[in-house]
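Below: one structure, written as structure tokens.
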Amino acid sequence: MLDRTAKLTEYQTYIDGTWVDAASGKTLQSIDPYTGEPWAVIPECDRTDVDRAVEAASRAFESGPWPQMTPTARGKLMRRIAQLIEQHAEHLGQIEVRDNGKLIAEMVAQTKYMPEWFYYYGGLADKIQGAVVAVDRADHFNYILREPVGVCGFITPWNSPLMLATWKLAPALAAGCTVVIKPSEFTSASLLEFMRLVIEPSGLPPGVVNVVTGYGAVAGEALVTHPKVNKIAFTGGSVTGARVNELAARSFKKVSLELGGKSPNIVFDDCILDDAVSGAVSGIFAATGQTCIAGSRLLLQESIHDAFVEKLVAMARTARLGDPALAETQVGPVTTPAQYQKILSYIEIAKSEGAACVLGGGPAGADEGGGKYFVKPTIFTGVDNRMRIAQEEVFGPVLSVIKFKDEEDAVRIANDVAFGLGAGVWTQSVKRAHTMARRIKAGTVWVNTYRAVSFLMPFGGYKASGLGRENGMEAIDGYLQSKSVWINNGPGGGNPFIMKTAG
Ligand code: NDP
């Protein structure tokens, strides 16, 4: 149970192994979305603090114990981090609920799952291997080294703050990089608790992981434009992602982006109906719809449309709104006031576009278990895929139901969108499952399940949903670069005025 009576908790940030205030002394307040009241005070860092953090990360990368450490020792240290997370997972999850208002069951499930990333990438740290290349020259010995990219800047959103930081931090540490993290201004506390309870006692050398809290436009941009940052890994909305990408390109930084989605959840008439209904609910109402992989477009085959909608509305209607800190709550508040207004405005847009609201359609008051920033689970039928409600990310509990005729029609509608993050397919046909998995343009396709993630499976977007992949073996490649080494063991000489090509 969260203690909501305590007075404001004051945090410092963590730079170069030391707890510090922002150089300016400024702070910002973090709001509990359930009560709408401030509960924590966070340093408001600016360019000066970012500079200090990047310099610390740069020093830690170039000198001191971190670059001297063997990959095996790095792996051991990461396993220690995993064990510390295991000890504190419950507390870290509770802090996340306080900041983003998502369900305690979901946030604690995430924090309890996070150690796996540190075990997995810790195990990979000493399996980063280059190659010996039998090059087409006599007497040459050529090889490829895999080296860390250097100082990495992470920018993370408010919806799953620690898990999304973990997806970046674990492969970056395994690769030997150093890091500066800028969390969302709305959810900085869990990362600061993570630094206090996990990173500081883990024995990681000072400067390897640093945090700059504050506003995206100030601290975030200072990080993205800092000349000593070599890579930016960003999770957030597509508009911010595009700006981050443009700014980072000016100094040729490597960039990975995990952005938004408008994912199709496609139900064929040969599905197990009850499973698909539950999958549709989980796709859009879990996490109050504030998830990049929300199945916000429900594509229903015409032949089952009416029966499915009836069951779906019946199940969604039973959703228990309330305090996200209580185990029995199923739908909590929206995380930020701006997001709350955005969701309500999209509900109005859908109505004005002619979609039929068959459930919800506005704020949820205290009599319904709601409160200040609650939106009723909302379902629109009769949606045309060209409507704004079908094309733009709402990031809230608002579902658009779209009819389709057959497989061909389903593929056309599913892919007719700027995004490509996830997709669901509900069918009992093996052939159809594989065909759909191939034809849908998205980074993840779930068949007969939805919203499943793992440290073992690559995650990322097609099209406007992002660049690069997190999780799985390939994520570590995003934190490494190749160096080609040429050793000539034979005679020198030759024509010095022309390039040494084959022979
Ligand atoms: P934003 O894009 O608004 O913010 C993401 C992060 O970027 C925050 O830390 C924010 O700081 C920072 N930021 C804002 N402006 C700038 C800037 N000019 N330069 C550098 N950094 C900046 O996203 P939200 O926090 O609102 O998160 C929700 C969005 O994230 C959704 O659109 C969702 O789809 C997407 N998302 C994608 C995921 C994926 O893996 N594909 C996963 C989770 C979310 P501040 O908070 O101070 O504004």
Side-chain angles (χ1 to χ4, degrees), residues 13-15 22 28 30 42-47 49-54 56-57 96 99-100 149-173 177-192 194-195 209-251 253-260 290-292 335-336 338-339 395 421 459-461 464-471 475 478-479:
T13 198
Y14 190 72
I15 297 177
L28 58 87
S30 213
I42 306 288
E44 186 194 320
C45 296
D46 61 20
R47 191 168 284 280
D49 308 287
V50 170
D51 202 41
R52 199 167 150 204
V54 174
E96 302 237 284
D99 251 352
N100 72 3
V149 294
V151 176
C152 300
F154 297 163
I155 298 178
T156 53
W158 42 259
N159 59 345
S160 296
L162 277 181
M163 191 179 77
L164 294 171
T166 291
W167 289 11
K168 298 164 181 50
L169 185 58
L173 292 180
C177 294
T178 58
V179 170
V180 179
I181 311 176
K182 205 305 274 176
S184 166
E185 71 195 56
F186 304 105
T187 55
S188 303
S190 63
L191 183 63
L192 296 172
F194 178 82
M195 300 306 288
V209 184
N210 309 272
V211 176
V212 284
T213 48
Y215 297 113
V218 181
E221 292 211 3
L223 188 58
V224 172
T225 53
H226 198 290
K228 288 194 177 172
V229 173
N230 305 101
K231 161 155 183 155
I232 294 292
F234 170 89
T235 300
S238 295
V239 174
T240 316
R243 173 148 182 87
V244 164
N245 200 19
E246 280 171 31
L247 290 174
R250 291 183 197 165
S251 47
K253 292 179 176 28
K254 292 163 181 41
V255 175
S256 60
L257 304 169
E258 300 288 0
L259 306 176
Q290 301 175 111
T291 160
C292 52
T335 300
T336 73
Q339 189 58 30
F395 221 59
L421 194 59
F459 182 89
S465 290
L467 296 176
R469 291 291 175 272
E470 298 191 313
N471 306 340
Y479 295 95

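Note that these values count all heavy atoms, side chains included, but never hydrogens, waters or copies made by symmetry. Count residues from 1 along the sequence. Predicted, not measured: the structure shown is a model, and the values here were computed from it.
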Can any side-chain N or O of [X] pair as donor or acceptor with the backbone N or O of [Y] at less than 3.5 Å?
X      : Y      : value
Lys228 : Asp51  : no
Asn210 : Ile181 : no
Ser251 : Lys253 : no
Lys231 : Gly478 : yes
Asn100 : Asn159 : yes
Ser465 : Gly260 : yes

**Prompt:** Would Arg250 and Thr225 count as a side-chain contact (heavy atoms from CB on, under 4.5 Å) if you check the C-alpha gap in whole Å, the side-chain angles of each, and the deciding distance to 0.1 Å?
**Reply:** CA-CA 8 Å; Arg250 291 183 197 165; Thr225 53; 6.0 Å; no
**Request:** Identify, with sequence neighbours excluded, every residue that meets salt bridge (Lys or Arg N to Asp or Glu O under 4.0 Å) alongside Glu44.
**Result:** none
**Asked** Is there a donor in the side chain of Asp99 and an acceptor in the side chain of Ser30, or the other way round, less than 3.5 Å apart?
**Response**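 Yes, because at least one side-chain N or O of Asp99 sits under 3.5 Å from a partner of the opposite role on Ser30.
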**Message:** Quick one about Lys168 and Thr235 (side-chain donor to acceptor, distance below 3.5 Å, no hydrogens or angles considered), yes or no?
**Reply:**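 Looking only at side-chain atoms, Lys168 and Thr235 do form a donor-acceptor pair, the distance falling under 3.5 Å.
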**Message:** Checking Phe395 now: which residues fulfil ring-ring contact (aromatic ring centres under 6.0 Å, His included) with it, not counting sequence neighbours?
**Reply:** Trp158
**Request:** Could you list all the salt bridge (Lys or Arg N to Asp or Glu O under 4.0 Å) pairs where at least one residue sits in residues 149-159, not counting sequence neighbours?
**Result:** none
**Request:** Under the side-chain contact (heavy atoms from CB on, under 4.5 Å) rule, what do Leu192 and Ile42 come out as? Steps first, then yes or no, please.
**Result:** CA-CA 9 Å; Leu192 296 172; Ile42 306 288; 4.2 Å; yes
**Asked** Given the rule in the side-chain contact (heavy atoms from CB on, under 4.5 Å) test, do Asp49 and Thr13 qualify, once you have shown the distances and angles that lead to the verdict?
**Response** CA-CA 10 Å; Asp49 308 287; Thr13 198; over 6 Å; no
**Asked** So Val54 and Val212, side-chain contact (heavy atoms from CB on, under 4.5 Å) or not? Walk me through it.
**Response** CA-CA 10 Å; Val54 174; Val212 284; over 6 Å; no
